[in-house]
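Counting starts at 1 for both ligands and their atoms, following the listed order.
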Amino acid sequence: MTRPPQHRPVIVVGAGPVGMSAALSLRALGRPATVLEAGEQDRLRPGSRAIFVHRATLEVLDRSSPGLAGDLAAHGLVWQTKRTFYAGRQVFARSYPPPEPGALPHFTSLPQVETERYLLEACKAAGVEFVWNSEITRAVTGTDGAELATVTGDRWTAEYVIAADGARSAVRRALGVTMAGSRSDGWYVVVDVEETTAPLPAERIFHYAHPAVDGRNVLLVPFAGGWRVDLQLHDGDDPERLSEGAGLRRWLRAVLPPRYADRVAWASTYQFLQVVADDFTDPYRRVLLTGEAAHLFAPFGARGMNSGVPDADAAATAAHVALSTGVPARARAAVEDFAISRRRAALFNRDAAGDALAHLRPDAEQRVRLAEAARGAAHDDRLGHWLDTAPYGPREIPPGNTVYKY
Ligand SMILES: Cc1cc2nc3c(=O)[nH]c(=O)nc-3n(C[C@H](O)[C@H](O)[C@H](O)COP(=O)(O)OP(=O)(O)OC[C@H]3O[C@@H](n4cnc5c(N)ncnc54)[C@H](O)[C@@H]3O)c2cc1C
């Protein structure tokens, strides 16, 4: 006999950073929040992911969970100096004063696994219901809401579903929503190394054409407890050889003091997707797609989680408004506003991250421009500033966004 479905007003699918942010926003709005997660409780999520949490993200999280931003900032790291090198020569450096005591810093650099730990604690304290081992395999929507089914045959119904089930989103696929965009053809090796007992100064360093690694670009970013090292491969490089064993240790020793080569926590190879869902909702306006279920960007510029958190907050607000109004047209409009505004932001972020990728893979003309800028940087600070900032894409906020930076 099949079990009857369980009902909740709003269900969040996925307990990644975006799903947990959505749950916190729902609780802050006075709504119950239930999160269905495929993984088991206390699952370990391997791999290098977000480290850079922008202040705008901290502010959104702190509105729904007062004190959370302070915890993330206190446990993260803020580097005060950034440097850019071209072919081994420094072309730009800037230092900033330390964050004001008691104020939120401009950013905090913290491994995603830690950010998720604090989010989970905040969710539990706020009374969020988690249902682990609940992989959604089916989603259908209709005029009254959505129905979900798990791999074990459990069924759930809700007036609204916030889909935060990541890049391979089963909810998005079940609804037939497609993604549009491209995949970069260049490869990157991304490595996290643990800090040693003799820590390096916490500085963000970008090398164009690092001479010790045959002119490949290298980005070094400190985070609480370690370093993120991105190596941009040349065309024709073997990603596997440079991400494992002796091949990995050889280039790591060339860009960091040798003691770090034996402290590798994760090493992964990437070709980055730059894609956005064609719609952030379904025809009945019952499912709201958020985070990587709705968009994937290259990580330069740190727009993934930093835009997923505002997606989550906007989705929770839209679901709350839709549940509060007795007028179906207003409920539809709330979800449509969410879908249009967050998709517009995602397209902007995709293109901004795409600009960063294009800068990192210059054509012949751009290569000349970069070399000229590097030559002129000693006399013209604007050239050094351009070399320093361009690898992360434009800094403007998405058009029409008044509340969210990303
Ligand atoms: C190398 C790298 C560096 C990055 N650096 C940054 C950075 O500095 N700053 C930044 O903002 N972003 C960064 N990002 C991006 C960031 O990691 C992602 O944007 C973020 O993890 C997306 O969160 P999410 O919650 O949408 O998806 P996920 O983190 O993928 O979470 C999805 C959750 O849904 C669950 N799930 C999946 N399928 C189902 C299902 N069928 N049913 C139920 N549950 C399901 C999963 O188990 C998971 O818990 C980086 C990414 C990479 C790869």
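- Relative to atom 53 (C) of ligand 1, the option among Y270, F52, F107 with the closest non-hydrogen atom is Y270.
- With no hydrogens or angles considered, no side-chain donor-acceptor pair links R350 and Q274 at under 3.5 Å.
- Some N or O of N306 is nearer than 3.5 Å to an N or O of ligand 1, by distance alone.
- Checking D311 against T290 by side-chain atom types alone, no donor-acceptor pair falls below 3.5 Å.
- For atom 23 (O) of ligand 1, the nearest non-hydrogen atom from the set G16, S307, S21, P17 belongs to P17.
- Atom numbering of ligand 1 starts at 1 in the shown order; those under 4.0 Å from a heavy atom of G291 are 26 (O).
- Under a cutoff of 6.0 Å and an axis angle of 45°, R286 and Y160 form a cation-pi pair.
- Remark: ligand 1 atoms within the under-4.0 Å shell around heavy atoms of A164 are 32 (C), 33 (C), 34 (O).
- Look at S268 and you'll find every heavy atom at least 4.0 Å from all atoms of ligand 1.
- When the shell of 6.0 Å around OH of Y284 is examined, it contains 12 or fewer heavy atoms from other residues, nucleotides or ligands.
- Near P299, with a cut-off below 4.0 Å to any heavy atom, the atoms of ligand 1 are 3 (C), 4 (C).
- Counting non-hydrogen atoms of neighbouring residues, nucleotides and ligands closer than 6.0 angstrom, the CZ atom of R330 reaches no more than 12 such neighbours.
- Shown here is H234, whose NE2 atom has more than 12 heavy atoms of other residues, nucleotides or ligands within 6.0 Å.
- In terms of protein heavy-atom proximity, atom 6 (C) of ligand 1 is nearest to A50 CA, 3.1 Å.
- Side-chain contact of Y260 with E194: a donor-acceptor pair under 3.5 Å is absent, judged by distance alone.
- Remark: A390 pairs with H359, W386 by the side chain to side chain contact (heavy atoms under 4.5 Å, CB included) rule, at least two apart or across chains.
- Heavy-atom distances between M20 and ligand 1 stay at or above 4.0 Å for every pair.
- Among all non-hydrogen protein atoms, the one lying nearest atom 43 (C) of ligand 1 is A38 N, 3.3 Å.
- For a threshold of 3.5 Å applied to N or O pairs, the pair formed by I51 and ligand 1 contains at least one separation below that value.
- Within ligand 1, the atoms closer than 4.0 Å to a non-hydrogen atom of L36 are 43 (C), 44 (N), numbered from 1 in the order shown.
- Protein heavy atom nearest atom 1 (C) of ligand 1, with residue, atom name and distance: S48 O, 3.5 Å.
- Classified by interplanar angle (parallel below 30°, tilted 30° to 60°, perpendicular above 60°), the ring pair F272/Y188 is tilted.
- In the vicinity of G166, heavy-atom distances shorter than 4.0 Å reach the ligand 1 atoms 27 (O), 30 (O), 32 (C).
- Screening R27, R63, R342 for a salt bridge (charged side-chain N to carboxylate O under 4.0 Å, His left out) with D313, the sole residue that qualifies is R63.
- Between D62 and R55 there is no salt bridge, since no side-chain N of the basic residue sits under 4.0 Å from a carboxylate O of the acidic one.
- When side chains are defined from C-beta on, L148 counts as touching I11, because their heavy atoms get closer than 4.5 Å.
- Ligand 1 places these atoms under 4.0 Å from at least one heavy atom of S134: 42 (N), 43 (C).
- Side chains of H54 and E59: no donor on one and acceptor on the other come within 3.5 Å.
- Nearest protein heavy-atom neighbour of atom 20 (C) of ligand 1: Q112 NE2, 3.8 Å.
- Classification of the W79-F107 ring pair by plane angle, with boundaries at 30° and 60°, yields tilted.
- Residue contacts with ligand 1 for R45 involve side-chain atoms from C-beta outward but no N, CA, C or O (heavy atoms, distance under 4.0 Å).
- Residue-ligand proximity, R228 to ligand 1, at heavy-atom distances under 4.0 Å covers atoms 3 (C).
- Residue-ligand proximity, A170 to ligand 1, at heavy-atom distances under 4.0 Å covers atoms 41 (N).
- When R173, R49, E37 are ranked by how near their heavy atoms come to atom 46 (C) of ligand 1, first place goes to E37.
- Atom 24 (P) of ligand 1 has its closest protein heavy atom at V18 CG2, 3.6 Å.
- In this structure, the protein non-hydrogen atom closest to atom 38 (N) of ligand 1 is D165 O, 3.5 Å.
- Inclusion of I136 in the set of residues having an N or O under 3.5 Å from an N or O of ligand 1 is warranted.
- Of all protein heavy atoms, the one closest to atom 12 (N) of ligand 1 is M305 N, 3.1 Å.
- Here the side chains of L323 and R31 are in contact, with some heavy-atom distance below 4.5 Å.
- The protein non-hydrogen atom at the shortest distance from atom 26 (O) of ligand 1 is E292 N, 2.9 Å.
- Taking 4.0 Å as the cut-off, H54 does not count as a neighbour of ligand 1 on heavy-atom distance.
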